[in-house]
There are 2 protein chains.
Amino acid sequence: MSIQHTPHQNHLLDALPAAEFARIQPHLELVKMPLGLALYESGGQLQHVYFPTTSIVSLLYVMADGASAEIAVVGNEGILGIALFMGGETTPSRAVVQSEGYGYRLKAQLMKDEFNRAGPVMRLLLRYTQALITQMAQTAVCNRHHSVEKQLCRWLLLSLDRLPGNELSMTQELIANMLGVRREGVTEAAGKLQREGLIEYSRGHILVLNRPGLEARVCECYQVVKTEFDRLLPSLHNSVID
Amino acid sequence: MSIQHTPHQNHLLDALPAAEFARIQPHLELVKMPLGLALYESGGQLQHVYFPTTSIVSLLYVMADGASAEIAVVGNEGILGIALFMGGETTPSRAVVQSEGYGYRLKAQLMKDEFNRAGPVMRLLLRYTQALITQMAQTAVCNRHHSVEKQLCRWLLLSLDRLPGNELSMTQELIANMLGVRREGVTEAAGKLQREGLIEYSRGHILVLNRPGLEARVCECYQVVKTEFDRLLPSLHNSVID
DNA sequence: ACTGATATGTGCGCTACCGTACATACGCTT
DNA sequence: AAGCGTATGTACGGTAGCGCACATATCAGT
C-alpha cells in the first residue's frame, strides 16, 4: 500500500487560486525529507523553498558554544525559506527535519518570480510570514516564563497539529535540543505526563492518549499561536482530505 | 535652541528613492512620543504606522498573568506596524514607547497603498521585516540561554544604537519589564557593571562610559542582530547627518 | 542468547533567579 | 529644611533547571 502524494497536502499550496497553482505545479518536485536533514544552514544560500506535506521541520538557532533553541516549527501548513522572498536571500537560522516525511520543493528563482508578481501568492506568503512571526515571538516569551513541562506540552501540541494521527517519532534527546533544555529535564516532564496517562512513549515514539488533557495543562502560548494561524490563514482550515 | 525635526532622521524614510519619498512626505505627521505611550495594543486595529526618529519603542508580549517580555526594539532604523502590510492588520503584541522622543506617522491606508505598488517601498519594508524577525529569534534564544547580566548588556547596546549620544533615560524597573526579569536582578547586574566602570546611573539615567567594555561582555546575540541589520539594510548606514 | 548501541531513569550538589520584605538614597515640592 | 514619592540596594529562603555520573531498559544485529 503506497501512500499517495499530492501538493494539496500542503495547506499553502492548496490555498492557491487555480491559476497560480497551475503555473507553479509543474515545477514542484516531491522530495523525501529524512530525519536530521538540514534544508538550509545558517547564512547559507537558499537553492529551494520547501513545502512540507508529511514532515515537520524546525527552525533552530545554534549558538557559538553549541547551545541551541527552536524558534518555530513548520509543517504542512507552511513553507521554508521565507528569507528568499523577504529580500534577504539567507538567514542566521538552520532548518532541520524533525519528523521525517515528504514535501515539495520549488527552485529559488521560480519562487521569487512568483512572489514578484505581487498577486495572491505574495499575499498568502506574507500572511503566513506574519503567523510565523507570532510563533517566534510567543516562543521567546515562553522561553522566558514557562516551565519545561508546559513548554513540552506546547511543543507536542504544535507538532501534533502538523501531522496526521496522534503519534510522533522523536527521542527525548531531540526534544531537549529543540526546547533548549537538558535531556533529563524532558525525561522528567515526559515521565510525569505519562504517569498521568496523557501520553505514552518508548524509545523515540510518542503516543498522545489524551489531547484535551494536554491542552488543559499547556501554557497560553499554544493557543495564542494557534488562534493567530487560524485567523491569518483561515483557508487552510477545511482542506484536510489527504 | 529648538531641535530640528526631519523625516530623514528615520533611516527607512531616508533610504527611500526621491520619487517615493516625495509622494509620502506630504502625509507624514510629526508626533511626540511620550514615555509609556502604547502605539498599539495587542489585537487592536492599526490606525497608523510610526517611524521613530528620536524615540525608542519596544514590542512587548504581555501574558494573561501580567508577566511580560520584550521581543524586539524599534528606533530610528525602523517602523512600527508591520502587521498592516503583512496582511494581518493586527498582531498579538503591544508597542510601548520606552525612550521618549519624536517620530513621524502615516495613515494606515496610505501605507498600504504605497506597499501595494510593489516597488522600492515594499522591498525596503520587507527587508526591514526580515531584520526584525532575526532580532525576535535571537531574543528567544537569548532568553533561553543567557544570564541577566549578558541580556542587560545586549539591551543597553541595542538601545544605544538607536539613539544619539551615550545616555538613556530608563529606570531599572522598566528594564526589568522589558527583559522579563525581576527588578532586583537588574539592580544587581547594573550595579556590577557600574562597579567595573562600564556604566554610571542614577534614578533613571544611564550613562555608558565604556562601550567597548560592554561589547566585550555581551553575548553573541547582540552582534548577530547588528550584523544582520547592517547586511539587510546597508543604505541606512551612512545617513547620520541629523 | 549475547553484544553493543541507543534511549530512558534517577540521584546529587550547584547556581541563577524568584518572591518577599525592608532599608536607604535621591530629587522634587512646599 | 522638611516631607514625600520614587529609585535603588540588600538580604534571605525557596526552587527550577543545570552539569555530571551512573544505572537500567529496549532494540538491532550477529
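Chain naming here is simple, since letters A, B, ... match the order of the sequence lines and numbering starts at 1 in each. All values reported here derive from a predicted model rather than from experimental measurement. Just so it is clear, the values below take in all heavy atoms, side chains as well, and ignore hydrogens, waters and symmetry mates.
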Of A/Arg195 and B/Gly180, whose nearest nucleotide on DNA chain C comes first from the 5' end?
-> A/Arg195
Classify the nucleic acid contact of A/Gly185 as base, sugar-phosphate or nothing, counting any heavy atom under 4.0 Å across all strands shown.
-> nothing
What is the distance from atom OH of A/Tyr104 to atom OG1 of A/Thr53, rounded to the nearest 0.5 Å?
-> 6.5 Å
Whole angstrom value for the distance that separates P of D/dA7 from CD1 of B/Ile206 | 13 Å
Can you tell me how far P of C/dC22 sits from CZ of B/Arg183, to the nearest Å?
-> 15 Å
Here the distance between atom C1' of D/dT26 and atom CZ of A/Arg203, to the nearest Å, is 4 Å
Using a cut-off of strictly less than 4.0 Å, decide whether A/Gln172 has a side-chain nitrogen or oxygen near OP1 or OP2 of C/dG9.
-> yes
Test the B/Arg162-B/Phe229 pair against the cation-pi criterion, namely NZ or CZ under 6.0 angstrom from the six-membered ring centroid and within 45° of the ring axis.
-> yes
Which nucleotide in the list D/dG9, C/dC18, D/dA7 gets nearest to the side chain of B/Val181?
-> C/dC18
What is the distance from NE2 of B/His146 to P of D/dC18, rounded to the nearest Å?
-> 14 Å
Report the distance from atom CZ of B/Arg182 to atom C1' of C/dT20, rounded to the nearest whole Å.
-> 9 Å
Sorted by position of nearest nucleotide on DNA chain D, 5' first, the leading residue of A/Glu184 and A/Ser202 is A/Glu184
Tell me yes or no: between the side chains of B/Glu70 and B/Ser58, is some donor less than 3.5 Å from an acceptor?
-> yes
Atom-to-atom span, CD of B/Gln194 to P of D/dT10 - whole angstrom = 11 Å
Answer yes or no: is there an ion pair linking B/Lys192 with B/Glu188, defined by an N-O contact shorter than 4.0 Å?
-> no
Within-4.5 Å side-chain heavy-atom neighbours: A/Leu28 and A/Arg105 | no
C/dC17 P sits how many Å from B/His145 NE2, rounded?
-> 14 Å
Tell me: CG of A/Leu193 to C1' of C/dT8, nearest whole Å?
-> 15 Å
Output yes when at least one side-chain N/O atom of A/Tyr201 is less than 4.0 Å from OP1 or OP2 of D/dT26, else no.
-> no
Side-chain donor or acceptor of B/Glu188 under 3.5 Å from a matching atom on the base of C/dC17?
-> no
